[in-house]
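Only heavy atoms go into these numbers, but all of them, side chains included; no hydrogens, no water, no symmetry mates. Keep in mind that this is a model prediction, so the values were computed, not measured.
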Amino acid sequence: YSPSFSPKNVPRFYDMASLTESPSTFKAVIDIYVQRYSVRGGPTVIAGYDARGFALGAPIAVALGVPFVLLRKDRKSPGVLVE
């Protein structure tokens with residue numbers, strides 16, 4: 001996708017299909033993040049914001065062995081809203 005095809009006037013709208021449709025490419029991207037953050041002592045939690053954050057954050061958290069927290073837009077979360 002491109003800025004000309006943006007459902008809500010988002011400056012950049014990237015399609016992640018090229019990553020997720022290729023298991024080896026997707027794994028390589030996840031491995032890059034895991035290597036980057038495990039060298040520095042590692043995080044205690046990974047937080048992902050909306051769709052792309054969920055798609056990338058969850059496997060990174062699993063690989064690092066830390067919890068994953070979903071961050072959602074206002075009024076999109078079915079649970080308690082923490083502001």
Minimum side-chain heavy-atom gap [X]-[Y] below 4.5 Å:
X	Y	value
Leu70	Phe54	yes
Phe26	Pro59	yes
Leu19	Ser22	no
Leu71	Asp50	no
Val69	Ile46	no

Report task. Kindly determine whether Ile30 and Leu56 satisfy side-chain contact (heavy atoms from CB on, under 4.5 Å), including the steps that lead there. Result -> CA-CA 7 Å; Ile30 298 305; Leu56 293 172; 4.0 Å; yes

Report task. Go through Thr25 and Ser18 one step at a time and tell me if the side-chain contact (heavy atoms from CB on, under 4.5 Å) criterion holds. Result -> CA-CA 8 Å; Thr25 303; Ser18 59; over 6 Å; no

Requested in this report: Determine, using the 4.5 Å side-chain heavy-atom cutoff (strictly less than), whether Phe68 and Met16 are members of one ILVMFWY cluster.
Outcome: yes

Query raised in the report: Cluster question for you: counting only ILVMFWY and a side-chain heavy-atom cut-off of under 4.5 Å, with indirect links fine, are Val62 and Tyr37 together?
Result: no

Report task. Indicate the atoms forming the closest heavy-atom contact of Val66 with Pro43, along with that distance. Result -> CG1-O, 3.3 Å

Query raised in the report: For the residue pair Pro67 and Ala61, what are the closest heavy atoms and their distance?
Result: O-CB, 4.0 Å

Requested in this report: Measure the spacing between CD of Gln35 and CG of Leu64 and express it to the nearest 0.5 Å.
Outcome: 11.5 Å

Query - Inter-residue atom distance Ile60.CD1 - Ser38.OG, 0.5 Å rounding - result: 11.0 Å

